[in-house]
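Below: one structure, written as structure tokens.
Both backbone and side-chain heavy atoms feed into the values below; hydrogens, waters and symmetry mates do not.
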Amino acid sequence: MGVGNRKYIMTELGAYLAKKSASKAEIARKTGISKSRISELTLNPSTQLRVRELYLIALAIDADPGEVLKEICKDLKLEHK
């Protein structure tokens, strides 16, 4: 599933968009975020999602930005000291 030796794992955002059957091309068109950037955000876990991008993507798929954030960050927890 990778390009060359590079393997891609779907990110939480990628899984969320897949669950919603959201078209990356349509999101790119509506948001102005490039198709290649959206691919990076959905396939490369080391790519950092910007708040502006999250907000625009949520608007493009008619979702509440807060709910999208909760869903894609559901595994994040505070460290206990």
Side-chain angles (χ1 to χ4, degrees):
M1 180 157 98
V3 175
N5 290 332
R6 202 167 155 191
K7 290 185 180 178
Y8 290 100
I9 301 167
M10 191 176 293
T11 64
E12 290 294 333
L13 177 62
Y16 181 82
L17 294 178
K19 185 171 74 173
K20 295 289 186 181
S21 300
S23 162
K24 292 180 197 176
E26 184 71 10
I27 292 169
R29 186 186 67 74
K30 287 181 176 180
T31 63
I33 301 169
S34 71
K35 290 180 194 175
S36 62
R37 176 68 180 164
I38 292 174
S39 288
E40 281 292 311
L41 291 170
T42 58
L43 297 172
N44 186 346
S46 66
T47 302
Q48 297 293 310
L49 174 63
R50 297 179 188 112
V51 172
R52 178 185 175 281
E53 292 168 327
L54 173 103
Y55 191 81
L56 290 172
I57 290 168
L59 293 178
I61 62 172
D62 293 322
D64 177 80
E67 291 304 315
V68 176
L69 182 62
K70 284 180 189 176
E71 181 65 27
I72 67 173
C73 295
K74 66 182 178 247
D75 294 332
L76 294 178
K77 304 287 183 232
L78 291 175
E79 292 184 27
H80 299 287
K81 293 191 179 200

Looking at [atom1] of [X] and [atom2] of [Y], how far apart are the two atoms once the value is rounded to the nearest 0.5 Å?
X     : Y     : atom1 : atom2 : answer
Thr42 : Ile9  : OG1   : CD1   : 13.0 Å
Glu40 : Ser46 : CD    : OG    : 7.5 Å
Glu12 : Glu71 : CD    : CD    : 7.0 Å
Lys19 : Leu17 : NZ    : CG    : 10.5 Å
Thr31 : Glu26 : OG1   : CD    : 10.0 Å

So, for [X] and [Y], which heavy atoms are closest and what is the spacing to 0.1 Å?
X     : Y     : value
Ala25 : Lys35 : CB-CE, 4.2 Å
Gln48 : Glu53 : O-OE1, 4.1 Å
Met10 : Ala18 : SD-CB, 4.3 Å
Ala58 : Pro65 : CB-CA, 3.6 Å
Ala28 : Ser34 : CB-C, 4.3 Å

> Just wondering, do Thr11 and Leu49 contact through their side chains at under 4.5 Å, heavy atoms?
Replying inline: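 Leu49 does not reach Thr11 side chain to side chain.
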> Does the side chain of Ile57 reach to within under 4.5 Å of the side chain of Tyr16, using non-hydrogen atoms?
Replying inline: no
>> Treating Thr47 as the side-chain partner and Leu41 as the backbone partner, does any N or O pair qualify as donor plus acceptor under 3.5 Å?
In response: no
> Is the count of non-hydrogen atoms from other residues, nucleotides or ligands lying under 6.0 Å from Lys20 atom NZ greater than 12?
Replying inline: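 At most 12 heavy atoms, drawn from other residues, nucleotides or ligands, come within 6.0 Å of this atom.
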> Around Lys70, counting heavy atoms of other residues, nucleotides and ligands shown, do more than 12 lie under 6.0 Å from its NZ?
Replying inline: no
> Side-chain heavy atoms under 4.5 angstrom apart, residues restricted to Ile, Leu, Val, Met, Phe, Trp, Tyr: same cluster for Leu69 and Ile33?
Replying inline: yes
>> Assigning hydrophobic clusters by single linkage (Ile, Leu, Val, Met, Phe, Trp, Tyr; side-chain heavy-atom cutoff under 4.5 Å), is Val68 placed with Ile38?
In response: yes
>> Run the side chain to side chain contact (heavy atoms under 4.5 Å, CB included) test on Ile61 and Ile27 for me, step by step, so that the C-alpha distance in whole Å, both residues' side-chain angles and the decisive distance to 0.1 Å come before the verdict.
In response: CA-CA 7 Å; Ile61 62 172; Ile27 292 169; 3.8 Å; yes
